[in-house]
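Below you'll find the structure, written out as structure tokens, and then a few comments.
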Amino acid sequence: MSFLRNAWYVGGFSDELLQGPIARTVLNEPIVIINDGAGGLSALTDMCPHRFAPLSMGQIDGGTVKCPYHGLVFNAAGRCIHNPHGKGARPDALSLRTYPVRQHDGLIWLWMGEPALADEVTPPLYPFLSDPAQAVQHGYLKVDANYELVTDNLLDLSHAEFLHAFIMPEGTASSIIYRAEQVANRVSAYHTMPDQPNTPLFELVLGVGVQRVDGFANSHWEAPANLMLETGVTVLDEGDGRVALLPQTHLLTPETETSTHYFWSVARDGSLDLPQLDAMLHAGLSNAFEHEDEPMIKAVQQRMAGRDFFDMGPALLPMDEGSVRARRILAKAIAAEALVPRTT
Amino acid sequence: MSFLRNAWYVGGFSDELLQGPIARTVLNEPIVIINDGAGGLSALTDMCPHRFAPLSMGQIDGGTVKCPYHGLVFNAAGRCIHNPHGKGARPDALSLRTYPVRQHDGLIWLWMGEPALADEVTPPLYPFLSDPAQAVQHGYLKVDANYELVTDNLLDLSHAEFLHAFIMPEGTASSIIYRAEQVANRVSAYHTMPDQPNTPLFELVLGVGVQRVDGFANSHWEAPANLMLETGVTVLDEGDGRVALLPQTHLLTPETETSTHYFWSVARDGSLDLPQLDAMLHAGLSNAFEHEDEPMIKAVQQRMAGRDFFDMGPALLPMDEGSVRARRILAKAIAAEALVPRTT
Amino acid sequence: MSFLRNAWYVGGFSDELLQGPIARTVLNEPIVIINDGAGGLSALTDMCPHRFAPLSMGQIDGGTVKCPYHGLVFNAAGRCIHNPHGKGARPDALSLRTYPVRQHDGLIWLWMGEPALADEVTPPLYPFLSDPAQAVQHGYLKVDANYELVTDNLLDLSHAEFLHAFIMPEGTASSIIYRAEQVANRVSAYHTMPDQPNTPLFELVLGVGVQRVDGFANSHWEAPANLMLETGVTVLDEGDGRVALLPQTHLLTPETETSTHYFWSVARDGSLDLPQLDAMLHAGLSNAFEHEDEPMIKAVQQRMAGRDFFDMGPALLPMDEGSVRARRILAKAIAAEALVPRTT
């Protein structure tokens, strides 16, 4: 197995930078994301080219990084701008690898492949995350499993009844109408749940009076592992017809082959000034992802014990169509990339 | 190194099932042992064939197992009997591997090889463990070492003086008369200790008045790693002639190459209604196995650092005859098995 | 990567033996160093040849070692002198590998290669460590990194400004005059710091009145990883001219490929009867090595992630000349050794 390199991966939430530089391993590569001192961002290898010390252990400010071991200073473009030793020579080799970086909608994106190709591809856009008409919650968790197992989880939401009572009441799974769709290299999995009791999650949004709803949850995946999840209900009670939406992003970045950075966000367009609702939504979702999904996905990783998913001969069901399509698209893209010599 | 597959291994004590299903890894394979709902037992792979979730994390009752991830329900024969999704299809692939299982004498036995061969072999019988005329204590420990190192320990009891003051007083080793015997593929190691002071262990059984005894401890091994240990003393004082016996089983089941499930039992046919004696015997023996044998065997495993026992050129002594015979019988059986294609 | 075997490595400080035998792994080999009962020392493999138990877990006194598992007793020459079993046979195979050992200057040295070659090489001599005119402090730490990374650290002291404020004040690095010198297979790295403010370290030795000094720190390396470090200052104030010296040894012994035993000593020839100064020097240096150097070297080891130093293409600077020479001398010696068949 390996990773798709010519792709955008989330390196962090923008607001993490309020706490200082972000040091994070992505596709096994240590990276530090810093403010570049000119209003932008820079993503640098988190390893000094001289003696391989982690730069994130050093002083970082004003768009410069000072190596904690021998004091070499680098600018946000990765060039050594100060060598405090001897005659202060700064040979070209004294440069840091930089990673193309983009920032929008509160997300920082890293390009892990050929830098020259970064401009040919736009990171996924999720404008609702930065829409002032939306209240947005977000969170991060580390999953001790391969990222494709998390994708599997998100492209088949039929597990919700069994893992998430808060999201899907008992007995709902049988009524899910599942449909997968592939358009070019994107995969969508549509889950429709007609005429259901309202769920605890949507009671938070709609209040407790609502009885019956049409529910839906549609996952939209694009490689390598970025998912948009449209969840919502239409209120059926006496022709009410209101629609409540909780659009979400689930953005997965491999740390290693067996661990994943999981960045999630959820938005809503009503009841904006309700901090209690913010807190309840954040607690409800982060509990679901951290304490219900994560332990299960980690347990699956352990059971697989390093074996390949398809080699293990899974007994696939109709609701696996979306995730199987995604796995195949990704495998094909990785295989194609492997034919091109790497320069980084 | 590998394991003998066509063999019976202890999967657990029967009374463990009072606490619920037994989830245990045997020869690197995760297994869950359940009541089959019809008075018998079933041993199933502890991994859903759909998405590889551990079934032991799910609901298990009435001879059925419900996968905690997507709610598929399996019966005790491993067949999927309910798929709560879509049209509820249950393709043949939606089946669990089952392991032949036997239960007698308070022990649950698992057959790890070709199911069709299980009926040709009977698990070891230890009827004294279920004899109402015997008081039986038993215990479990995990040993962080290869199971053959534990077999070595049990086929040469000359270590008792050095590890177990409770069992064999100082100076006893030199007087042990050791004899190994191989009959077909079984190995016995006879330890005779004529005219000795009584030991603290047998003072528990006989009381403190006894002075001199003839001691004996005879280990009977059969592949892969099941041992019966007859330990006892004959009282010599003034022609007393009483014989006290503490027959034991030491049944070893590899968890992995470097860890072992160790199930021990000890019986006695006198002083049955003495709960204090029960407690003292249990504490004395479990202390010996857990705090004296286990740390030593684990230390040996660490010193071997992954190397093969014979490749390391051990300086063998006469009292190693039994364990060397057992190692050779086992190696030959494993090699023979490797010539036959596996279907599981 | 591998180790130079025909070489002397420090196995411990002599005074460690006051606490009992020294059990230590050197070049992946477990060794126990004991008093030989005749005023000398013996270094033995810490593994019984019978069943591979660690001898250091047994009774050791009077120059004999009793195996904790089966009670075999060995003398300081590694010969089995007592077998408490059966007829007490002591076949030749019942012998322990011994390692040539030397002791002087408070250090115990082990020869890890062909025993016959040990007499051809003398361990490094550091007579100042046992000179009654010197007050000597010493300490031990374990470094979670390959020993060559520690050598690198010690042959280029320009890191001191960035890691060790106690040793080198801010702004000093730029004024270091660095010169490396190779004589045969020894490498010296000379660091000269003319006309500097005195440092906190040398204030301990000279008192707080001194203003300006010429500083120097000269590292002398010999393979595999033994360093003598001459550090000192010459007082410049009004032609004072006093010289204060803190000669040090930094002796590195690989435990494994990724962990190192680090034995350090520091001497001084003035203010001998000042226990407070002893304590301050010991605390100051052990803090620098354990809490400033070690975390950085360990972080570099982690960043290297098992890769070879030169394969990673370090951007080398003039002050790396000494450590690069040392690495090359060592690599050549290890390669030469690999051409000769081993008998141990």
Side-chain angles (χ1 to χ4, degrees), chain A residues 3 21 23-32 44-60 64-75 78-98 255-259 342-344, chain C residues 145-146 148-165 168-180 189 191-193 292-321 323-324 327:
Chain A
F3 302 118
R24 194 161 270 149
T25 294
V26 175
L27 314 195
N28 291 317
E29 298 180 16
I31 293 175
V32 59
L44 305 163
T45 184
D46 190 10
M47 184 167 71
C48 184
H50 171 228
R51 284 286 179 177
F52 313 131
L55 297 167
S56 57
M57 287 172 70
Q59 292 169 32
I60 299 179
T64 67
V65 174
K66 182 176 173 184
C67 177
Y69 200 174
H70 296 93
L72 298 166
V73 181
F74 300 87
N75 68 12
R79 286 289 305 157
C80 180
I81 57 170
H82 181 59
N83 169 357
H85 305 283
K87 295 175 182 167
R90 292 181 281 119
D92 284 349
L94 223 49
S95 296
L96 304 179
R97 176 176 174 189
T98 61
E255 181 186 57
T256 67
E257 290 284 355
T258 56
S259 59
R342 282 170 62 173
T343 68
T344 55
Chain C
N146 183 271
E148 291 192 80
L149 293 176
V150 189
T151 300
D152 293 343
N153 174 279
L154 290 162
L155 278 173
D156 168 22
L157 301 173
S158 71
H159 69 271
E161 174 185 338
F162 308 101
L163 283 186
H164 312 304
M168 197 182 284
E170 198 176 335
T172 310
S174 63
S175 66
I176 297 175
I177 302 166
Y178 177 91
R179 183 171 62 85
H191 305 76
T192 311
M193 294 145 285
E292 296 171 347
D293 285 308
E294 201 279 339
M296 184 58 63
I297 296 169
K298 177 180 170 179
V300 168
Q301 172 78 38
Q302 291 169 340
R303 281 295 183 262
M304 292 178 69
R307 291 171 290 181
D308 175 77
F309 179 75
F310 287 115
D311 288 352
M312 290 180 72
L316 296 169
L317 296 171
M319 74 256 197
D320 295 308
E321 182 184 344
S323 63
V324 167
R327 281 181 172 271

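Proteins get letters first, then strands, A, B, ... in listed order; numbering begins at 1 in each.
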- prompt: By a 4.5 Å heavy-atom criterion (distance strictly below it), what part of C/Ile297 contacts chain A: side chain, backbone, both, or neither?
  reply: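 Contact with chain A is through the side chain of C/Ile297 alone.
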query: Is it the backbone or the side chain of C/Asp320 that comes under 4.5 Å from a heavy atom of chain A, or both, or neither?
result: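 Both backbone and side chain.
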If you count heavy-atom pairs under 4.5 Å between each of [options] and chain C, which one has the most?
options: A/Ser95, A/Gly88, A/Pro68, A/Cys80; value: A/Pro68
options: A/Cys48, A/Pro91, A/Gly58, A/Pro49; value: A/Pro49
options: A/Lys66, A/Lys87, A/Met47, A/Met57; value: A/Met47

Donor-acceptor contact present, side-chain C/Tyr178 to main-chain C/His191, <3.5 Å: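 Such a contact is absent between C/Tyr178 side chain and C/His191 backbone.
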- prompt: Would the C/Phe309 and A/Phe52 ring centres measure less than 6.0 Å apart?
  reply: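 Ring centres of A/Phe52 and C/Phe309 closer than 6.0 Å.
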query: With a 6.0 Å cut-off on ring centres, are A/His50 and A/Phe74 close enough?
result: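 No, the ring of A/His50 stays outside the 6.0 Å limit from the ring of A/Phe74, centre to centre.
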- prompt: Between A/Arg97 and A/Glu29, is the closest basic N to carboxylate O distance under 4.0 Å?
  reply: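 So A/Glu29 pairs with A/Arg97 through a salt bridge.
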message: Under 4.0 Å between a side-chain nitrogen and a carboxylate oxygen: does that hold for A/Arg24 and A/Asp46?
response: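 Looking at A/Asp46 together with A/Arg24, the answer is no, because their closest N to O distance does not fall below 4.0 Å.
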Max heavy-atom pair count under 4.5 Å with chain A, selected residue of C/Ile176, C/Asp152, C/Asp156, C/Leu163: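 Looking at each of C/Ile176, C/Asp152, C/Asp156, C/Leu163 in turn, C/Asp152 comes out on top.
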